Asker: 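Below: one structure in structure tokens.
Computed from a prediction, not measured in an experiment: that's the story for all the values here.
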Protein chains: 2
Amino acid sequence: MPPNDDVLIKIVDLAQREPAGTLASSVYDRLRGDILSGSLPPGEKLRTEALRARYEVGNSPIREALNRLSADGLVTREDQKGFRVAAASRADLEELVKTRCWLEQIALRESIANGDDSWEEGLVLSFHRLSRVRRSSSEDHYSVNPDWERLHRAFHLALLSACGSRWLLQYCAQLNDQADRYRQLAIVVSYPRRNELDEHEAMMKATTARDADERDIASHGAL
Amino acid sequence: MPPNDDVLIKIVDLAQREPAGTLASSVYDRLRGDILSGSLPPGEKLRTEALRARYEVGNSPIREALNRLSADGLVTREDQKGFRVAAASRADLEELVKTRCWLEQIALRESIANGDDSWEEGLVLSFHRLSRVRRSSSEDHYSVNPDWERLHRAFHLALLSACGSRWLLQYCAQLNDQADRYRQLAIVVSYPRRNELDEHEAMMKATTARDADERDIASHGAL
DNA sequence: CAATCAAATAATTTCGATATTTAATTGACC
DNA sequence: GGTCAATTAAATATCGAAATTATTTGATTG
């Protein structure tokens, strides 16, 4: 079983996403982005009609996207009552952070134990890409830089990509999404102040050195 | 935050499922059952037309069900190429078992640490219900007993239901589904020979006694 | 005979409209 | 004035057909 290469390639290439081949997938991507960025706030009712207007497609693709997102946990669905953006609360966030810690700890441990050369290469590559873009797309005030967000996500998943379980990897990705959303929701009030670039470099170096005891790696960016 | 009660009630009432309120949900349930039971084998192409005939509904509910199932990992989707029942392989099974161990270990540990009285009650109730139905619906040869399957699933999830993370719980449920499928796929060749009733009772007693060291609990039924 | 290209066929995806269900509003009655 | 029932309005869920895309078939050519 050599899933490492497959997974790695997939993860690394998460960095530059290909255009969606179908309307439903395109709507899925855009809707997902709008939820993660917070431009569709938690609890917001997602009416077919409004979304049709927003994304300029028929109702079938909308409905398909919503169904996928509801299985992802970004949208809630109630039979005969339609869809809403998933709620957000302090309690949910605590649950989320806790779970993310549990799972990423395992994934990182296994990744370090099993990672091969191509994993390390992917790691270095991901880091390099991440280090070349700015956190904010503006200089003075913070405004979300989509490139950075994508590369940041790719870097984190590259770390875990050799854990040997597609299931675990997928779950970590899902929890990452959720955490991203909370970060976006919170970010308007606190412009990031840490030196994240250095943090990321340290993470990479510690990891490639197989230094599993840097356990706070997993908790980095837990909001 | 008291999510325990909500979750518990939800888990316990997984035992008797309510009728689906919408066609799409009904198709989702039936299709899911047919995949888990193996009557739709791994890799099988899922053509809209064939499913329309099989479940006697229109196009839209089928498609919605398939989209949800694909996010659940029971169905694979490729843009412009339709849907298939998720593949099954020895390698996948090993990955699955490994992941299930990791996650259930955490969930059980946390459940034992956090579980309250109502959790224990739910556990006893689930066990009682499970103990009153037979593994096989026939006496001499094995044939799947849907009641047992449902109650078995509910019992396992009741064990983990106090883990304090809906995410983790959902992941465990998902992995349980996958394992169920593999069990069904394998079961034709090996009629179960263990005394599962006793096993389950031991699991319950060890757990309510807060005996976290019975670590092989988590690996029970790992196929 | 193998390979390539084009037409025909089949399957997926999408749309517009209809039927059903839920939510809101009105109006009567206590 | 408030509550409940009936009616209206809105939204969801579903259908059947049209449009787009993949696959197969068959003919032609090197």
Asker: Send over the distance from A:Leu66 CG to C:dT14 P, rounded to a whole Å.
Answerer: 14 Å
Asker: Take the protein atom CZ of B:Phe83 and the nucleotide atom P of C:dT12, then report the distance between them rounded to whole Å.
Answerer: 9 Å
Asker: Figure out the CD/P separation between A:Glu64 and C:dT12, and round it to whole Å.
Answerer: 12 Å
Asker: Where is the tightest heavy-atom contact between A:Ser25 and B:Arg77, given as atom of each residue plus distance?
Answerer: OG-NH2, 3.8 Å
Asker: Where the side chain of A:Ser60 is defined as all heavy atoms beyond and including C-beta, which of D:dT12, C:dT12, C:dC15 is the nearest nucleotide?
Answerer: C:dC15
Asker: Please verify the inter-ring angle class for A:Tyr171 with A:Trp167; under 30° counts as parallel, over 60° as perpendicular, anything in between as tilted.
Answerer: tilted
Asker: If you check every side-chain atom of B:Asn59, which of D:dA17, D:dC15, C:dC15 has the closest atom?
Answerer: D:dA17
Asker: Please give, in whole Å, the distance from C:dT14 P to A:Tyr28 OH?
Answerer: 15 Å
Asker: Figure out the CD/P separation between A:Glu44 and D:dA11, and round it to whole Å.
Answerer: 14 Å
Asker: Over how many whole Å does the gap from B:Ile62 atom CD1 to D:dG16 atom P extend?
Answerer: 13 Å
Asker: Among the nucleotides D:dA22, C:dT21, D:dC15, which one has an atom lying closest to any side-chain atom of B:Gln80?
Answerer: D:dA22
Asker: Give the rounded distance in Å between these two atoms: CG of A:Asp79 and P of D:dT14.
Answerer: 8 Å
Asker: Please determine whether a side-chain nitrogen or oxygen atom of B:Lys45 lies at a distance below 4.0 Å from atom OP1 or OP2 of D:dT23.
Answerer: no
Asker: For the atom pair OG (B:Ser60) and CZ (B:Arg52), what is the distance rounded to the nearest 0.5 Å?
Answerer: 9.5 Å
Asker: Rounded to whole Å, how long is the line connecting atom CG of A:Asn67 with atom C1' of D:dT14?
Answerer: 13 Å
Asker: Quick check for you: to the nearest 0.5 Å, what is the distance between B:Arg134 atom CZ and B:Asn145 atom CG?
Answerer: 8.5 Å
Asker: Both A:Arg52 and A:Lys81 contact DNA chain C. Taking the nearest nucleotide for each, which residue is further toward the 5' end?
Answerer: A:Arg52
Asker: Would you please confirm or rule out a distance under 4.0 Å between OP1 or OP2 of C:dT14 and any side-chain N or O of A:Thr22?
Answerer: yes
Asker: Classify A:Thr48 by what it touches in the nucleic acid, base, sugar-phosphate, or nothing, heavy-atom distance under 4.0 Å.
Answerer: sugar-phosphate
Asker: Looking only at heavy atoms, what is the nearest atom pair of B:Leu40 and B:Glu44, with distance?
Answerer: CD2-OE2, 4.4 Å
